[in-house]
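Only one structure is covered here, and it is reproduced in the block below.
Just so it is clear, the model here is predicted, and its values are computed rather than measured.
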Amino acid sequence: LPRIRQNRCASLFTQPQDWYRQILQTVDHVRHLHRDSLSLAVHCPPGAMDLLSASVEKLEVLPAAASASGNHGNHEADAAWLEEMEERAQRGVSDAQFSLGQYHYHHGNYVDALRLFEMAEVGGNTQAKYQLGVMYYDGVGVGEDMSKGFSYMLEVAQSQKKRDSHVIPSAQYNVGRAYFQGFGVRQSDSEAERWWVLAAGRGRDVSSTRAQNTLGMFYARQESLDLNKSFYWHSEAAENGDLESMASLGEMLLHGEGCGKEEGLGLQWLKRSAEGGCVHGTGLLALHYYTRKLFSKAAETAFRVSEVEEAMAAGVMTPLDRRGTALGCFVLARCLQLGQAVSRNEQKADEYFTKAKNYDKVIVAELHSQLTHGRL
């Protein structure tokens, strides 16, 4: 699922919507090859299960429950807390069963975690039901059963209980993603959209913000294209701190896509995204400076991307990370090739052009096309 990005003369693509279509081609390909783990988001931010990721990222689990003394990590306090939780769990206290299950999950004791979550779920603990959904959907400590995992998650998403309000947005977001990817349930864009809208409307928590960002991407797809809605949801997510939506919002404002053209405000959002560490936003900012012939700023910003690319390459990079890195490497290569704000070095320029191509051939081909036609 894509996140959107986009001077008249400096546009990366000759047609306004090409900017979106290129991303979507990559993302739709990813959607049919991979599925994401369900993110776990009770009491803590969900895992970074980026829908653009070309590989299944590891699940971020809930932290182990803190000891009653608030001194988790102290062996004596931990032992006392465990003894108390075990005694309460044996008496059928579902909250204690859930907390103890979390402790075992955190320590990799998935068999005990599953047993305790199942006990807590029978006692009406919604958090335990959520965790069971994750375990079955992802096959953690139990045979993978995505349909069963989805069913658990759907029950949580449909909950009307006020006490479950902290976990409902995460479940709604995950249900939407399952529908979008078609794992555990029949694929349906309309159902995915419905559940994401529900999650996005629940406030400013992490899962609601993630749903807002996702809707911003969703409405940039050719199949569900509505740039006004895309702009609205990216605005909501950006205001709530989502760095990728900040980058998207900046690009939309710079070029008047789904909104009025406001270059000053667009540049502010790009800067905020880059300052927050968003690789894609930093690459876009470098390109913006270059097209404005602000070569010193362009080279400096592009170099920031090139500095982190080796470290990022060792981990999991999303397609947008790769795209931002390609943009940065390309801009830096161009500055080195022509001696713009840096000493001319054609050998280094060739190295960075090659890196850019290795990270994102599509965007580099478009940039070269812009150079050939004198638009960059």
Side-chain angles (χ1 to χ4, degrees), residues 2-7 10-13 19 22-23 26-27 48 50 52-54 238 242-252 254-255 266-368 370-371 376:
R3 295 175 190 167
I4 59 171
R5 326 289 158 210
Q6 238 235 9
N7 230 309
S11 175
L12 287 184
F13 298 93
W19 184 265
Q22 295 288 354
I23 300 173
T26 301
V27 172
D50 197 319
L52 282 168
S53 177
D242 187 274
L243 296 174
E244 285 291 356
S245 276
M246 290 179 192
S248 297
L249 190 61
E251 284 297 289
M252 297 185 85
L254 282 173
H255 304 290
L267 181 58
Q268 288 180 33
W269 279 113
L270 273 188
K271 287 180 177 179
R272 283 187 62 181
S273 175
E275 289 167 0
C278 176
V279 176
H280 188 224
T282 306
L284 288 171
L285 184 61
L287 182 64
H288 175 75
Y289 284 141
Y290 189 85
T291 59
R292 289 290 189 270
K293 302 189 184 303
L294 300 171
F295 299 124
S296 293
K297 287 186 175 182
E300 179 185 357
T301 306
F303 184 70
R304 294 213 312 265
V305 177
S306 69
E307 273 190 315
V308 302
E309 58 97 10
E310 289 186 9
M312 291 195 64
V316 176
M317 294 180 72
T318 70
L320 286 183
D321 288 333
R322 300 182 70 84
R323 188 166 181 270
T325 304
L327 288 171
C329 288
F330 187 95
V331 170
L332 186 57
R334 187 66 174 162
C335 290
L336 288 164
Q337 183 184 45
L338 300 179
Q340 295 166 324
V342 295
S343 298
R344 186 170 181 174
N345 188 327
E346 293 197 12
Q347 182 179 348
K348 275 287 185 185
D350 287 343
E351 290 179 11
Y352 280 107
F353 276 132
T354 299
K355 282 185 176 183
K357 184 176 69 173
N358 290 339
Y359 277 109
D360 192 326
K361 293 180 181 179
V362 173
I363 194 65
V364 170
E366 291 294 336
L367 289 168
H368 275 299
Q370 294 294 320
L371 288 175
L376 182 61

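- The shortest heavy-atom contact between Ala238 and Leu249 is CB-CD2, 3.8 Å.
- Ring geometry for Phe330 versus His368: interplanar angle over 60°, hence perpendicular rather than tilted (30 to 60°).
- When all heavy atoms are compared, the tightest approach of Leu267 to Leu254 is N-CD2, 4.0 Å.
- If you take CG on Leu284 and OG on Ser273, they are separated by 7.5 Å, rounding to the nearest 0.5 Å.
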* Apply side-chain contact (heavy atoms from CB on, under 4.5 Å) to the pair Ile363 and Leu327, showing each step before the final yes or no. => CA-CA 8 Å; Ile363 194 65; Leu327 288 171; 3.8 Å; yes
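- In this structure, CE in Met317 is found 10.0 Å from CG in Asp360, a value given to the nearest 0.5 Å.
- Shortest non-hydrogen contact noted between Glu346 and Gln337 is CG-O, 4.5 Å.
- Taken to the nearest 0.5 Å, the CG atom of Leu270 stands 11.5 Å off from the CE atom of Met246.
- Atom-to-atom distance recorded for Leu285:CG and Leu294:CG is 10.0 Å, nearest 0.5 angstrom.
- Between Val279 and Leu320 there is no side-chain heavy-atom pair separated by less than 4.5 Å.
- The side-chain contact (heavy atoms from CB on, under 4.5 Å) test with Thr325 is passed by exactly one of Thr282, Asn358, Val305: Val305.
- Not one N or O on the side chain of Thr301 forms a donor-acceptor pair closer than 3.5 Å with the backbone of Ala298.
- Contact of the Leu367 side chain with the Leu287 side chain is registered, since non-hydrogen atoms from C-beta on lie closer than 4.5 Å.
- For the pair Lys348 and Glu351, the minimum side-chain heavy-atom distance is below 4.5 Å.
- Between Ala286 and Ala302, the closest heavy-atom pair is CB-N, 3.7 Å.
- Taking the side chain to side chain contact (heavy atoms under 4.5 Å, CB included) definition, one finds that Leu338 meets it with Tyr290, Arg334, Gln340, sequence neighbours left out.
- Pairing each heavy atom of Leu332 with each of Ala299, the nearest pair is CD1-O, 4.1 Å.
- The structure places OH of Tyr289 at 4.0 Å from NZ of Lys271, a figure rounded to the nearest 0.5 Å.
- Shown here for Leu243 and Cys278, the closest heavy-atom pair between the two residues is CB-CB, 3.8 Å.
- Ion pair Lys297/Glu300 not flagged as a salt bridge, since none of the NZ, NE, NH1 or NH2 atoms sits closer than 4.0 Å to an Asp/Glu carboxylate oxygen.
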